[in-house]
Amino acid sequence: MIFSKLQKKTILLGTLALTMIGCATPKNYEKFRAANPRSILVLPPKNQSTDIRGTYSFLSTVTMPIAEKGFYVFPVAIVDQMMKDNGLPSANEMHEISLKKIKEILNPDAVLYINLKEYGSKFVIIESQTTVVATGTLVATNSGEVLWEGTVRQVVSSSSNNSGGLAGMLVNAVVSQAINSTVDHAHNVSMTASQELFMTDGQGLLNGPYKPTEKK
Amino acid sequence: MILNSLKVLFLIALSIIFSSCVSSTKYYWGEYENLIYTQYKEPEKAIPEIQIQKLQADIQKAASKDQPLPPGFYAHLGYQYLQVGKAGEARQYFNAEKKAFPESAALMDRFLKKIK
């Protein structure tokens, strides 16, 4: 009993440590630094997962980390609505707009394209596992140059009370899945994923003009 | 038992991660991002009237904490007023966004031009 508890604890802490460290290859920030963008337009993320809620779950978590890094972030819901009003019903179409057109209408210094590769919960025997995997590409509006690219992978396991043997476990797994879909576990994972993607030192965005301290 | 303690441990770890990010924010975030999420997920719970009420409450709270409101906040509020036909308030908050963040000028001018 004790051992399995310890083992689980170790695995859990290991997972946490991994998600916090992220991938360790140092990034090249040369172009980012040279372009020195002030304002970032975040388009609604493309969604490759099967959960249609992914796009707007993730979109509603990006403003905080990017603004706290010191950038002006265009109001994401207004931008989304404007594009829909102009005949672009989904993120896929919005990602196709030319930079020239974007500059003309909104005039951001850079555009952030997010691709949601995985989003959602599934359950594995007695635990449910929620995964959010996303990539971000920041492109300079004037030159079309890629200023930054990043990837985040967050996997969070949540377990239910273990009582009543195998039958109890299965019931719990089903219940836990139901709870997960109502409390929107995946959205909470989106929040941590988004913060990690943009704010991790040495991997995320550089600091922008509204965060002038410790600018590298 | 074991799973319960694991859950607790995990929540503690999560809250540490969260608090380390949230405690020192430059901006007062309040309901802004929650409302955006809700307006897509359960639009009936984030109709413009509700959003206006919550965002106005955030303005008070931000002032009491002496923190600025984040990029997009005033624009989003102005947009809610526009939805319910209150042009005066809409104009006021589009201008507030422009004043706080000149980067928003192209977008805000677009709306301001529409209103007049």
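First the proteins, then the strands, lettered A, B, ... as listed; each starts at 1.
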Between A/Met82 and B/Leu107, does a side chain to side chain contact (heavy atoms under 4.5 Å, CB included) hold up when you go through it step by step?
CA-CA 10 Å; A/Met82 266 181 91; B/Leu107 178 60; 3.3 Å; yes
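Contact annotation: the side chain of B/Tyr37 never approaches that of A/Leu59 to less than 4.5 Å [non-hydrogen atoms, C-beta and beyond]. Here the side chains of A/Val76 and B/His76 are not in contact, with every heavy-atom distance at 4.5 Å or above. Taking the side chain as every heavy atom from C-beta outward, A/His187 and B/Lys41 never approach each other to under 4.5 Å. Counting heavy atoms from C-beta outward, A/Met64 and B/Glu33 have side chains that approach closer than 4.5 Å. For the pair B/Asn34/A/Ser60, no side-chain contact is recorded, criterion being any heavy-atom separation below 4.5 Å from C-beta on.
Using a 30° and 60° split on the angle between ring planes, B/Phe101 and A/Tyr72 fall in the tilted class, from 30° to 60°.
For the salt bridge (Lys or Arg N to Asp or Glu O under 4.0 Å) condition, the pairs that include at least one residue of residues 45-69 of chain B, sequence neighbours left out, are B/Glu42-B/Lys45. Applying the ring-ring contact (aromatic ring centres under 6.0 Å, His included) test to residues at least two apart or on different chains, the pairs with a partner in residues 38-65 of chain A are A/Tyr56-B/Tyr40.
Summarising the geometry of A/Asn107 relative to B/Ala106, their closest heavy-atom pair is CB-CB, 3.9 Å, with the distance given to 0.1 Å. Across all their heavy atoms, A/Glu68 and B/Thr25 have their closest contact at OE2-CB, 3.1 Å. Looking at every heavy atom in both residues, B/Tyr27 comes nearest to A/Ala67 through CE1-O, 3.6 Å.
For the atom pair CD (B/Glu103) and CZ (A/Phe71), the distance works out to 11.0 Å, reported to the nearest 0.5 Å. Between the CZ atom in B/Phe94 and the CD1 atom in A/Ile78 there is a gap of 5.5 Å [rounded to 0.5 Å]. Put simply, OG1 on A/Thr63 and CD1 on B/Ile36 are 5.0 Å apart, with the number rounded to the nearest 0.5 Å.
Per-residue counts of heavy-atom pairs under 4.5 Å with chain B were compared for A/Gly70, A/Ala77, A/Pro65; the largest is that of A/Ala77.
Evaluation of the salt bridge (Lys or Arg N to Asp or Glu O under 4.0 Å) rule for A/Lys84 yields A/Asp80 as partners, not counting sequence neighbours.
Of residues 41-49 of chain A, not one residue has a non-hydrogen atom less than 4.5 Å from any non-hydrogen atom of chain B.
When heavy atoms are compared at a cutoff of 4.5 Å, B/Ala100 approaches chain A solely by way of its backbone atoms N, CA, C and O. Within the 4.5 angstrom heavy-atom criterion, only side-chain atoms of B/Phe111, from C-beta onward, approach chain A. Using a 4.5 Å cut-off between heavy atoms, B/Tyr74 does not touch chain A at all. With a 4.5 angstrom heavy-atom cutoff, A/Val62 touches chain B only via backbone atoms.
Heavy-atom contacts from other residues, nucleotides or ligands closer than 6.0 Å to CD1 of B/Ile115 number more than 12.
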